[in-house]
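Worksheet for the structure shown next.
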Amino acid sequence: MSLTDAGAPERAAGNAPTHPGWQRRSLTERLFAVRELSLLIALGLLVLVTTLRNDRFLSGQSIKDLLLGCAILVILAVGQTLVIVTRNVDLSVGSILGLVAFATGSLFLSAPGTPWPVALVVGVALGALCGAVNGGLIAVARVPALVITLGTLYAFRGVDYYWASGRQINAADMPQSFLRLGNQTVLGVPVLFLVALVVVAAVGLYLRSYRSGRELYAIGSEPAAARLSGIPVGRRVFTVFVASGALAGLAGVLYAARFGTLDAAAGSGLELQVVAAAVVGGVAIFGGSGSAYGAALGAVLLTTIGSSLAVLRIDPFWQQAVVGALILAAIGLDRLLALRVAARLRGRSAHGA
């Protein structure tokens, strides 16, 4: 079920299901459920076509590589969903990932006996701190998120380059127990992908079942109205940026575990893929609707497209072209769905009158 919540202000206020706002929410959910189903169908068709061309695409190792390849992107896309739902965007997640990844390697280098769970906690905390910088500037100073996170994208990356000073951290500098985390499997499923599934489930539950989560949709639908209804908009926006930073920190630690070799360029350009995954997954760039599940599907779809084009020996240029076309189609579909919701609500109002 989709978690879109165009009618969140009314639901957050605890109105009865017969309230028009609840009707709007239910209608929007049904429409966006079709959107998520279409993503599953597109993913299935893509896998089918690629497998018919090369039957090794569905081999055990290929599936493992695909799940490993999308795990980090899924985590980042889910964090981005929290931000975009509130009508904001976080362009700094790639830089936060790179900074945390290098910090994780540096921690093991300076303190070789550090248990990897400690490194995980430190990485998440560092990511949350970076997210707090973003959220504080946006929520307190009321500066647009696009401008702030574009600035911190370069600021965090600059700190990373200054810290690295051209150095590279290799797998030999990190404990084997930590590196095994990046490739270990449970019943054939990579641990990294299982972590991503836990993140998706947790954020999905929060957005649907908790009042503060539903209020995020109200903020994205109409910030001024949300503020007038008593929702602490500044606090909620600050919180989602901290959460996005924390998830980027988690992704940075997992990135270090998976790749082992780290430098200041880790995660460069990843922020655009993250936003693309969320938008393709049905998270409206204008805010107010979307789900963690859809964003995760978008991340899996984009990763599968890259793998499929490589298997089919198609020029990588077409991958960028396909992703761009998907983003444009997603934005157009969001607008179409919004118009359909508005038209149906007007029709119901006129009929009721």
Side-chain angles (χ1 to χ4, degrees), residues 1-32 78-91 131-132 134-149 202-247 275 278-279 281-292 294-295 331 334-335 337-342 344-346 349:
M1 182 180 291
S2 175
L3 299 180
T4 51
D5 206 338
E10 294 84 356
R11 182 175 177 186
N15 290 325
T18 56
H19 192 280
W22 174 263
Q23 295 175 358
R24 181 184 179 191
R25 169 184 160 77
S26 300
L27 178 59
T28 309
E29 279 190 340
R30 290 197 296 271
L31 291 174
F32 276 89
V78 169
Q80 192 73 227
T81 297
L82 292 169
V83 175
I84 296 180
V85 159
T86 63
R87 202 181 287 191
N88 290 288
V89 67
D90 187 355
L91 298 179
N134 287 332
L137 292 173
I138 293 164
V140 176
R142 304 278 180 93
V143 178
L146 179 66
V147 176
I148 290 296
T149 58
V203 174
L205 178 65
Y206 169 72
L207 287 175
R208 179 169 183 80
S209 302
Y210 289 84
R211 177 170 180 166
S212 58
R214 298 192 298 268
E215 286 176 350
L216 300 182
Y217 291 103
I219 294 170
S221 297
E222 185 52 62
R227 189 174 286 107
L228 289 174
S229 67
I231 295 175
V233 175
R235 190 194 313 163
R236 294 285 181 263
V237 171
F238 176 81
T239 301
V240 297
F241 274 96
V242 171
S244 176
L247 289 177
V275 174
V279 172
V283 183
I285 197 66
F286 307 109
S289 66
S291 75
I331 293 175
D334 286 340
R335 182 59 180 165
L337 291 176
L339 291 174
R340 288 182 63 184
V341 170
R344 291 191 182 187
L345 288 174
R346 284 197 301 269
S349 299

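- What you find for Gly204 and Ala292 is that their closest heavy atoms are N-CB, 3.9 Å.
- Counting only residues at least two apart or in different chains, salt bridge (Lys or Arg N to Asp or Glu O under 4.0 Å) contacts with residues 79-90 are absent.
- Between Val240 and Val237, the shortest heavy-atom distance links the atoms CG2-O, 3.0 Å.
- Of the possible donor and acceptor atoms, one in the side chain of Thr149 sits under 3.5 Å from a partner among the backbone N and O of Ala145.
- Between Gly135 and Phe238, the shortest heavy-atom contact is C-CD1, 3.4 Å.
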Check against side-chain contact (heavy atoms from CB on, under 4.5 Å), Leu137 and Ile148: CA-CA 7 Å; Leu137 292 173; Ile148 290 296; 3.9 Å; yes
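- Counting heavy atoms of neighbouring residues, nucleotides and ligands inside a 6.0 Å radius, atom CZ of Arg227 exceeds 12 of them.
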Residues Tyr206, Leu216; criterion side-chain contact (heavy atoms from CB on, under 4.5 Å); working and verdict: CA-CA 11 Å; Tyr206 169 72; Leu216 300 182; 4.1 Å; yes
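- Minimum interatomic distance between Arg214 and Arg208 (heavy atoms only, all atoms of both residues): NH1-O, 3.5 Å.
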Ser244/Leu82 under side-chain contact (heavy atoms from CB on, under 4.5 Å): CA gap, chis, key distance, verdict: CA-CA 7 Å; Ser244 176; Leu82 292 169; 5.9 Å; no
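- Remark: the Thr86 side chain and the Tyr217 side chain contain no N/O donor-acceptor pair separated by less than 3.5 Å.
- Phe241 and Val83 make their closest contact through CZ-CG1, 3.6 Å (heavy atoms, listed as atom of the first residue, atom of the second, distance).
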Candidate pair Val89 and Leu91, rule side-chain contact (heavy atoms from CB on, under 4.5 Å), full reasoning: CA-CA 6 Å; Val89 67; Leu91 298 179; 4.1 Å; yes
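- Rounding to the nearest 0.5 angstrom, the gap separating the OG atom in Ser229 from the CD atom in Glu215 is 7.5 Å.
- Closest heavy-atom contact between Arg236 and Ile231: CG-CG2, 4.4 Å.
- Counting heavy atoms from C-beta on, the side chains of Val279 and Val283 never come closer than 4.5 Å.
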